[in-house]
Number of protein chains: 2
Amino acid sequence: MNTETSISTEEAILMAARKVFELKGFDGARMQEISDRARINRALLHYYFRTKEKMFERIFDEALERFMPLLSTWDQDLEECWEWKLKRFIITFITFLKTNSMLFLLREIIRKPELLASKTKKYRKGLNKFVLYFDRLKQERLIRSDVDSRYIYVIIHSLCSFPLMNGIVFSYSLRISPKEYDELMTGYPEIISDLLIQSLKYQKTEKSINENE
Amino acid sequence: MNTETSISTEEAILMAARKVFELKGFDGARMQEISDRARINRALLHYYFRTKEKMFERIFDEALERFMPLLSTWDQDLEECWEWKLKRFIITFITFLKTNSMLFLLREIIRKPELLASKTKKYRKGLNKFVLYFDRLKQERLIRSDVDSRYIYVIIHSLCSFPLMNGIVFSYSLRISPKEYDELMTGYPEIISDLLIQSLKYQKTEKSINENE
DNA sequence: TTTACTTTTAACAGAATTGTTAAAATACTA
DNA sequence: TAGTATTTTAACAATTCTGTTAAAAGTAAA
């Protein structure tokens with residue numbers, strides 16, 4: 001009964017399922033593989049979770065439940081320096097993504113859009129907090145960028161998510177091992193924080209890009 | 001025999017397979033669904049492509065074959081203005097990604113890393129052209145950024161890929177329809193071109209971010 | 001028209017997978 | 001220790017899916 005770690009059987013199953021679903025996706029996952037990984041009997045999976053579908057939904061919903069709040073952690077408080085807010089967000093987001101596969105969510109949503117659509121009501125309010133916040137920053141002239149806040153949203157999330165999600169391909173492209181890539185990425189949050197802050201701070205001045213020096 | 005459009009049966013099958021594999025992944029794809037979509041008989045799939053595995057590999061390899069050259073289109077010619085080069089790359093890359101799902105490649109590589117690993121030799125040379133190019137730009141003082149060229153690589157690719165790959169989730173988060181999201185994204189290449197060029201041009205000056213105004 | 005190639009039909013074998021069940025074994029708790 | 005809950009074992013039903021086959025129908029071209 002997992003005496004050493006005192007992990008309940010249900011927890012052990014969920015951990016295994018999470019891993020297998022993340023790696024193989026719903027369609028590629030096998031109940032046998034999950035039970036093997038959890039070091040329990042396959043029949044026990046059904047004893048706890050009835051069907052594969054139900055087990056998957058539990059995993060998916062929990063992942064979504066952890067993920068969605070990250071999309072709306074932008075309180076409208078203009079007192080706190082936005083640069084710090086942004087930096088904090090980037091670090092939180094990247095830390096989260098290291099342990100929770102965003103690719104998993106995306107893949108399953110594309111397979112079955114209802115997975116997200118059915119949760120519309122639950123998460124919709126609060127979702128555009130980010131856009132509102134940056135709109136206000138611009139209104140109040142606290143940042144000088146004139147870029148549509150929705151682009152800023154897309155840019156920040158892309159910079160945070162993709163490097164982790166696409167690690168395999170990036171490490172291949174850069175011709176370094178996955179381990180080396182991980183090490184490289186420790187400096188990454190700092191880099192993009194600076195990049196974003198700088199480009200939000202200063203309004204684009206000259207549109208011409210003709211001179212090389 | 002597809003007289004109107006003069007598409008060969010093989011081509012029709014490949015188109016259908018591409019679509020189904022992109023949507024469902026290898027494990028979720030059904031031979032029946034592919035043949036239905038191609039408006040031919042299921043037995044005919046096997047007549048042309050023997051097995052599902054072989055058909056998939058054909059699709060995957062073709063996708064990779066179209067994709068990989070995009071990663072290494074950085075000739076070392078320093079005469080041409082790098083800003084133009086970068087802008088051209090961004091537009092080419094985004095245009096490509098609109099029709100060719102990068103998510104498809106990524107998902108299948110994670111499912112079965114050998115898919116990429118086995119192609120090592122074929123694509124490796126030329127892969128770090130980008131990094132070399134930006135290293136030279138820095139050496140020659142043509143750009144003033146002091147950021148590791150590998151970060152620049154990751155940043156550019158993330159900004160190009162993720163907004164297209166994650167369209168469903170972004171349109172959900174921004175509370176606009178997928179159609180409206182697509183429209184919004186027409187202005188996107190311009191935005192990130194400017195952002196990147198600006199931040200590469202000007203070296204980060206002040207590290208302090210204490211003042212709000 | 002003959003010949004070769006393409007496509008459909010329909011049926012089937014084999015394998016893999018999910019989910020069920022019942023009985024036995026084990027562990028936990030009062 | 002007795003009783004309860006958990007876990008294993010092993011077998012099985014039902015389904016789904018892939019891949020095969022053989023025969024017939026259709027098409028194109030010589």
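Throughout, protein chains are lettered first and strands after them, A, B, ... in sequence-line order, and every chain is numbered starting at 1.
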Point to revise | Test side-chain hydrogen bond (donor to acceptor under 3.5 Å, both in side chains) applied to S149(A) - qualifying residues, sequence neighbours left out | key: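 By the side-chain hydrogen bond (donor to acceptor under 3.5 Å, both in side chains) rule, S149(A) matches D135(A), K138(A).
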Check your understanding: K122(A): what forms a side-chain hydrogen bond (donor to acceptor under 3.5 Å, both in side chains) with it, not counting sequence neighbours?
Key ->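 Partners of K122(A) under the side-chain hydrogen bond (donor to acceptor under 3.5 Å, both in side chains) test: E65(A).
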**Study point:** Listed partners of D61(B) passing salt bridge (Lys or Arg N to Asp or Glu O under 4.0 Å), at least two apart
**Key:** K119(B)
**Study point:** Note: R111(A)-E108(A) ion pair, threshold 4.0 Å (strictly below)
**Key:** yes
Point to revise | Residue pairs passing the ring-ring contact (aromatic ring centres under 6.0 Å, His included) test where at least one lies in residues 20-42 of chain B, sequence neighbours excluded | key: F21(B)-F56(B), F26(B)-F56(B)
[N] [atom2] sits how many Å from [X] [atom1], rounded?
X: N41(B); N: dA23(D); atom1: CG; atom2: P; answer: 17 Å
X: I13(B); N: dT6(C); atom1: CD1; atom2: C1'; answer: 11 Å
X: L45(A); N: dT17(C); atom1: CG; atom2: P; answer: 14 Å
X: R39(B); N: dT6(C); atom1: CZ; atom2: C1'; answer: 19 Å
X: R42(A); N: dG19(C); atom1: CZ; atom2: P; answer: 9 Å
X: L44(B); N: dT20(D); atom1: CG; atom2: P; answer: 14 Å

Review point. Salt bridge (Lys or Arg N to Asp or Glu O under 4.0 Å): which pairs involve residues 30-48 of chain B, sequence neighbours left out?
Key: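 Matches after skipping sequence neighbours: K24(B)-E33(B).
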Check your understanding: Which of residues 46-59 of chain A sit near DNA chain C, with a heavy atom under 4.0 Å from it?
Key -> H46(A), R50(A), T51(A), K52(A)
**Study point:** Under-4.0 Å side-chain N/O to phosphate OP1/OP2 contact, T9(A) with dT7(D)
**Key:** yes
